[in-house]
Amino acid sequence: MAFDSKRYARRHRVDGVVTGLCLFSALSGLFVLGLILGTLLWNGLAGLGLAVFTEMTPPPGSKGGLLNAIAGSLIMTILGVAVGTPIGILAGTYMAEYGRHSKLTSVVRFINDILLSAPSIVIGLFVYTIMVAPFGGYSALAGAFSLAVIVIPIVVRTTEDMLLLVPNTLREAASALGMPRVKVISSISYRAARSGMITGVLLAIARVSGETAPLLFTALGNQFWSTDLTAPMASLPVVIFKFALSPYADWRQLAWTGALLITFAVLALSISARVIGQKRQS
Amino acid sequence: MDSTAAQSTVASRDARAQALSWLRRSDTIFRLVTHGAALLVLGLLGAVVLSLIGGAMPALRTFGLAFFTVDDWNPVADTFGSIAPIYGTLVTSIIAMLIAVPIGFGIAIFLTELCPPVLRRPVGIAVELLAGIPSIIYGIWGLFVLAPWLQTTVQPALIYVFSGVPILSSLFAGPPFGIGVLTAAIILSIMVLPFITAVSRDVFETVPPMLKESAYGLGCTRWEVVWNIVIPFTRVGVIGGVMLALGRALGETMAVTFVVGNAQRLSVSILQPGTTISATIANEFAEATGGLYQSALIALGLLLFVLTFVVLALARLLLARLDVKAGK
């Protein structure tokens, strides 16, 4: 078998081309991220001022702020996370501590993973049919509930994963000292897995604070200041959706500013979640 | 004196028994509560399915199977056939995958084989940040930045280049609107890119170094190692990751609603406005008056849920098979 230098050159050419394409893919991914953040900063900063945080959403054609939308988003996110987190942590605890090898756990894990990526608009429809239609009205409660439905699978997943990382020898040592199971879980497992579980909750907050689809026909939206949980409530994503698609320049500017606020809040949350999660590993 | 000592031991024994039984009780209660929470997750899925089926029944009973096969979405006449949004959902998702899969693989190969170790974490995190950006942000960016750019540069070029080619000319038929099926697909491809990249990077890292080193030792180029060793070894996981991304793309709502154009009609050209299941629901549900209209939209939601459920379930099963193989 003689050395085929043509073939050798071709193989290296192919390798070079593929290497170039891979490099190009990575660069284009980074470029798109930079482009999105850049345009957000450029367009969003133009409208960022004190008025955004002190005034209500305006009627078309006049200036205003996003105060009611920001407040509404905060209220519904806090409520949703407050309802979803305990349920998620408890379910994750069952899966990792009590029923580690049970049939129920593997079924719940499978279903949970599907709920994790289920389209959020379907969650909106679900909450509409069980909370809005029967009680005859859109409400902030329904909005918060739909966010809770999105929070639960995220928290279940991270809680289970983090508890499974806790070494069994720790649990056995605690049990050998005579601790009941509930004490072992609350003082040993939870403590060892704490930072990972906090990461999960932060990721869940980041995820729901940008959610729009499930709020469209649960919390609906509100032009005015409202803290009534049984009435429609404004939220930042829904306001962005409505304002961005409008023909009014003032509204569009507010939409960009709102988009900037949400993006940086969400990115700050996910970066801090990552930092906390990393501390654990080191 | 003896009797008081005996009394105190009895008292402490009682206290001990009490404390023990309280602990046992609290243990049982906690176990039952966590068990209940786990069952609640199952109940949640059941409730979603049941409520959607219940809501969809009137429309499905009225139109039967024709609901899914007829192109007629007419809220005024109260007749609904949803082939246009179904078609739009499938086409946007498929085009999105055609764009995102090669690029996602490219980034994953870059991260596992080419990237200097110092850059590996920052690049990986940057790509994952793309997954963190809310979908409404992609929507507003797509509408005001991407769509105008496509309208003035890419779309006229596509129309011009393919104008003489038999099949492609109808696929890329003008005029350039900016918004439309192709724009939605491009936005979707950016959104699912992090999922494909993350999963393929993770499964590429499961390839035993020994296998790769053996191939390099035989004189394989980097590409030959990737193509002949890494990809065959991780095939199942990679397909799982692609399915996961497909599931996301099918159900993605807000970004698509901004740029797809929301036209209830079937068109062959991917430059024309179209609609998807999720965009139809997002746009029309709050205004849907009349039981049948609302029911038709819920039926669309049910279809979307079933579709994504099947795709995601397949993805999870494939990925679970890989975990077994990797001995996790």
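If you're wondering where the values come from, they're calculated on a predicted model, not measured in any experiment. Here is how names work: the chains are called A, B, and so on, in the same order as the sequence lines, proteins then strands, and each is numbered from 1.
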Does a side-chain heavy-atom distance below 4.5 Å link B/L52 with A/T129?
no
Yes or no on side-chain contact (heavy atoms from CB on, under 4.5 Å) for A/V18 and B/I109, after CA distance, side-chain angles and deciding distance?
CA-CA 10 Å; A/V18 174; B/I109 294 171; 5.6 Å; no
State whether the side chain of B/D27 and the backbone N or O of A/P180 hold a donor-acceptor pair below 3.5 Å, judged by distance alone.
no
Between OG1 on residue A/T105 and NE2 on residue B/H35, distance to nearest 0.5 Å
8.0 Å
Structural part of A/I87 lying under 4.5 Å from a heavy atom of chain B:
both
Non-hydrogen atoms of chain B under 4.5 Å away: do they reach the side chain of A/I89, the backbone, both or neither?
neither
I need the residue from B/L146, B/V226, B/L114, B/I277 with the largest number of non-hydrogen atom pairs under 4.5 Å to chain A.
B/L114
Decide yes or no on side-chain contact (heavy atoms from CB on, under 4.5 Å) for B/Y138 and A/I36, but give the supporting numbers first.
CA-CA 8 Å; B/Y138 284 101; A/I36 292 175; 3.6 Å; yes
Lys/Arg N to Asp/Glu carboxylate O, B/E128 vs A/R274, below 4.0 Å:
yes
Below 4.5 Å from any heavy atom of chain B, which atoms of A/Y94 appear? Answer side chain, backbone, both or neither.
both
Which portion of A/L30 sits near chain B, non-hydrogen atoms under 4.5 angstrom
side chain
Close side-chain approach of B/L40 to A/L90, heavy-atom, < 4.5 Å:
no
Ranked by heavy-atom pairs below 4.5 Å to chain A, first place among B/T221, B/L50, B/L297 goes to B/T221
So do A/L104 and B/L39 actually touch side chain to side chain, heavy atoms under 4.5 Å?
yes
Give, as side chain, backbone, both or neither, the part of A/I114 having an atom under 4.5 angstrom from any heavy atom of chain B.
both
Quick check on the interface: out of B/L44, B/V145, B/I125, B/L42, who has the most heavy-atom pairs with chain A under 4.5 Å?
B/L42
Given heavy-atom pairs under 4.5 angstrom as the criterion, report whether the side chain, backbone, both or neither of A/I185 touches chain B.
side chain
Mind checking whether A/F241 and B/F258 have ring centres under 6.0 Å apart?
yes
So which part of A/A133 gets closer than 4.5 Å to some heavy atom of chain B, the side chain, the backbone, both or neither?
neither
Using the side-chain hydrogen bond (donor to acceptor under 3.5 Å, both in side chains) rule, take B/W141 and A/T39 through it: C-alpha gap first, then chi angles, then the decisive distance, then the call.
CA-CA 8 Å; B/W141 183 79; A/T39 39; 3.1 Å; yes
Walk me through whether B/F30 and A/R181 qualify under side-chain contact (heavy atoms from CB on, under 4.5 Å).
CA-CA 9 Å; B/F30 189 65; A/R181 201 64 198 273; over 6 Å; no
Walk me through it: do A/D113 and B/L312 pass the test side-chain contact (heavy atoms from CB on, under 4.5 Å)?
CA-CA 8 Å; A/D113 278 352; B/L312 293 170; over 6 Å; no
So which part of A/F110 gets closer than 4.5 Å to some heavy atom of chain B, the side chain, the backbone, both or neither?
side chain
Quickly, which of A/I121, A/L125, A/L216 forms a side-chain contact (heavy atoms from CB on, under 4.5 Å) with B/F285? Name it, please.
A/L125
